[in-house]
Amino acid sequence: MPADAIDCDVHCAPASMDVLLPYLDDYWRSYIDDATIRLADLSYPANAATTGGLAPATYDDLTPALEREAVRCAILSCVVLDGVHRNPHYAAAVATAINDWVRDEFLARDERLRASLVVSTLDIPAAVAEVERLADDQRFVQVLLPVRSDVPYGNRLYHPLYEVAERHGLRVALHAWGRAGTAPSTTGLTPTYLEDYLSNVHIAEVQLLSLVAEGVFARFPDLGVLFAECGFTWLPSLLWRFDKDWKGVWREVPWVEGRPSEAVRRHVRLTTAPAQLPSSSSEVAEVLEMVGPEMLLYASDLPHDHGASGGALLRDLGPDGVEAVLRGNASAFYRRPVA
């Protein structure tokens with residue numbers, strides 16, 4: 001983490017299901033014990049080069065990184081809910097437990113910390129209720145959803161969740177990966193981790209198209225969406241094609257007033273990790289010019305390891321761009337205080 005940064009994606013995860021049991025009632029404790037349910041981070045297998053180590057399980061685990069980099073603010077993301085579970089009642093109960101655990105273990109112990117509010121996409125009314133339950137806690141700054149969903153996020157199924165997020169000044173974050181039971185490809189499941197890892201990009205593209213084309217930003221003009229850990233170098237080519245094809249079939253989506261790229265630049269931001277940049281400084285500069293530094297929010301993605309391209313990003317931005325990406329863009333994007 002660069003010094004004094006607003007870090008928009010820092011992972012945390014309970015060490016085991018036992019940590020969450022105090023936040024669950026007797027029924028769910030029995031359910032978990034009888035079914036021998038365990039937590040698993042399916043997105044970062046233990047021996048994958050991208051893993052980089054275990055996510056902090058306690059505040060004491062996180063403290064060395066916070067102190068080493070003198071971070072101004074860190075937004076925590078706990079993605080352990082995004083497993084293979086299909087029971088909507090169970091998923092809603094665990095989401096509540098995770099939020100309460102994050103609040104007690106991390107937020108209560110350091111004023112520099114903020115958090116993503118975890119909800120289950122299997123039960124949208126329950127997700128809305130969970131947002132309402134914690135809406136007054138200003139330390140939760142965004143609603144966390146897995147980028148892989150059963151239905152694209154532009155679908156009206158999710159509108160009640162967007163309404164409550166917008167009303168309470170929360171952003172929505174679509175984070176890489178999701179339930180492993182959902183195929184990352186329109187032609188089926190992938191056989192290798194490499195393919196699965198790369199699939200986050202085209203899934204993010206589909207979700208972005210869905211949000212704009214299905215009129216989410218027209219209906220919720222104050223909504224902001226962050227794509228976390230999905231890369232960003234894919235954005236220019238997608239927006240070029242989106243604008244081009246919209247000119248021919250705009251009558252199908254009359255609520256998209258103006259070029260789709262304009263809606264994206266008003267409502268969407270992306271984290272810097274993974275940067276996925278070329279090695280040449282001149283090529284990096286070209287990519288950044290096409291993406292626009294104003295679209296990027298700094299993220300270390302602690303503890304995951306995406307190589308050295310994040311450093312190249314900051315090296316080639318220039319002083320004004322570095323200030324915007326490390327601090328200014330996040331301060332402007334979030335409607336709740338992050339510094």
Side-chain angles (χ1 to χ4, degrees), residues 1-11 65-77 107 110-117 138-144 165-166 168-175 204 208 217 221-236 239 261-277 281 284-302 306 308-339:
M1 302 179 202
D4 201 33
I6 298 174
D7 192 334
C8 297
D9 187 23
V10 172
H11 286 257
L66 298 178
E67 297 303 324
R68 181 176 64 249
E69 305 299 339
V71 63
R72 178 182 297 188
C73 177
I75 301 175
L76 302 176
S77 300
L107 300 183
D110 197 321
E111 63 182 10
R112 294 172 295 179
L113 297 180
R114 301 292 185 270
S116 305
L117 197 159
Q138 295 290 307
R139 297 171 299 182
F140 289 97
V141 299
Q142 60 193 9
V143 179
L144 187 66
E166 182 185 55
H168 287 294
L170 289 157
R171 295 314 198 184
V172 172
L174 306 187
H175 197 286
L208 184 60
F217 298 131
D222 293 327
L223 189 69
V225 174
L226 175 69
F227 282 82
E229 204 176 326
C230 295
F232 59 85
T233 54
W234 47 266
L235 186 66
L239 293 186
S261 62
E262 295 171 349
V264 171
R265 294 193 178 278
R266 284 195 302 270
H267 295 276
V268 174
R269 296 294 180 267
L270 308 96
T271 63
T272 58
Q276 301 165 332
L277 290 168
S281 290
V284 170
E286 291 177 2
V287 171
L288 293 175
E289 182 180 2
M290 289 187 290
V291 172
E294 72 280 358
M295 299 292 291
L296 303 178
L297 306 187
Y298 172 74
S300 66
D301 194 30
L302 182 93
H306 298 289
S309 60
L313 166 69
L314 296 176
R315 179 195 66 206
D316 294 320
L317 270 172
D320 291 342
V322 169
E323 173 61 28
V325 169
L326 292 184
R327 291 169 283 272
N329 294 344
S331 295
F333 176 71
Y334 287 104
R335 297 175 65 191
R336 295 183 169 205
V338 291

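All of these numbers come straight from a predicted model, not from anything done at the bench.
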Taken in chain and number order and not counting sequence neighbours, the residues that satisfy side-chain hydrogen bond (donor to acceptor under 3.5 Å, both in side chains) with Asp222 are none
Minimum side-chain heavy-atom gap Gln142-Val172 below 4.5 Å:
no
Between the OG atom in Ser77 and the CG atom in Leu144, the distance rounded to the nearest 0.5 Å is 5.5 Å
*asked:* Has Arg336 got a side-chain atom pairing as donor or acceptor with His168's backbone, closer than 3.5 angstrom?
replied: yes
Can you tell whether the side chains of Glu166 and Arg171 come within less than 4.0 Å, N to carboxylate O? no
When every non-hydrogen atom of Ala204 is compared with those of Phe227, the smallest separation belongs to O-CE2, 3.5 Å
**OP:** Would you please test Val225 and Leu208 for side chain to side chain contact (heavy atoms under 4.5 Å, CB included) and show each step?
**Re:** CA-CA 9 Å; Val225 174; Leu208 184 60; over 6 Å; no
For a side chain to side chain contact (heavy atoms under 4.5 Å, CB included) check, start with the C-alpha distance between Val284 and Leu313, then their side-chain angles and the critical distance, and finish with the verdict. CA-CA 7 Å; Val284 170; Leu313 166 69; 5.6 Å; no
On a heavy-atom basis, the closest approach of Gly231 and Leu270 is O-CD2, 3.5 Å
Is there side-chain contact between Leu288 and Leu296, with at least one heavy-atom pair below 4.5 Å? yes
Side chain Arg114, main chain Pro337, donor-acceptor under 3.5 Å:
yes
Verdict with reasoning, His306 to Glu229, per side chain to side chain contact (heavy atoms under 4.5 Å, CB included): CA-CA 10 Å; His306 298 289; Glu229 204 176 326; 4.0 Å; yes
In this structure, CD of Gln276 is separated from CH2 of Trp234 (nearest 0.5 Å) by 10.0 Å
> Side chains of Val143 and Ser116: closer than 4.5 Å at any heavy-atom pair?
Replying inline: no
d(Phe232 CZ, Thr272 OG1) to nearest 0.5 Å is 7.0 Å
SG (Cys73) and CZ (Arg139) are apart, to the nearest 0.5 Å, by 12.5 Å
* Asked: Should Val338 and Phe333 count as side-chain neighbours, where that means a heavy-atom distance under 4.5 Å?
  -> no
Under 4.0 Å between a Lys/Arg side-chain N and an Asp/Glu carboxylate O for Glu294 and Arg269? no
Closest heavy-atom pair, Pro236 versus Thr233, reported as atoms and distance to 0.1 Å, is CD-O, 3.4 Å
side-chain hydrogen bond (donor to acceptor under 3.5 Å, both in side chains) filter on His267, not counting sequence neighbours, yields none
Looking only at heavy atoms, the pair that brings Val264 and Met295 closest together is O-CE, 3.9 Å
Please examine the side chains of Leu226 and Leu297, heavy atoms only from C-beta on, and report whether any two atoms are closer than 4.5 Å. yes
Distance col, row His175:NE2 vs Cys230:SG, nearest 0.5 angstrom, shows 7.5 Å
When rounded to the nearest 0.5 Å, the distance separating CD of Glu286 from CG of Asp316 is 11.5 Å
(Q) Before you tell me yes or no, could you show the steps for His11 and Leu76 under side chain to side chain contact (heavy atoms under 4.5 Å, CB included), namely the whole-Å CA-CA distance, both residues' side-chain angles and the distance that decides it to 0.1 Å? (A) CA-CA 6 Å; His11 286 257; Leu76 302 176; over 6 Å; no
Report task. Taking the side chain as every heavy atom from C-beta outward, state whether Tyr334 and Ile6 have any pair of such atoms under 4.5 Å apart. Result -> no
Measure the shortest side-chain to side-chain distance between Ile75 and Leu113 over non-hydrogen atoms and say whether it is less than 4.5 angstrom.
no
Tested for salt bridge (charged side-chain N to carboxylate O under 4.0 Å, His left out) against Arg72, the lone hit among Asp110, Asp4, Asp7 is Asp4
Go through Thr271 and Asp9 one step at a time and tell me if the side chain to side chain donor-acceptor pair (under 3.5 Å) criterion holds.
-> CA-CA 8 Å; Thr271 63; Asp9 187 23; 5.3 Å; no
query = Can you find a pair of side-chain heavy atoms, one from Glu323 and one from Leu317, that are under 4.5 Å apart?
reply = no
Residues passing the side-chain hydrogen bond (donor to acceptor under 3.5 Å, both in side chains) test with Arg335, sequence neighbours excluded, are none
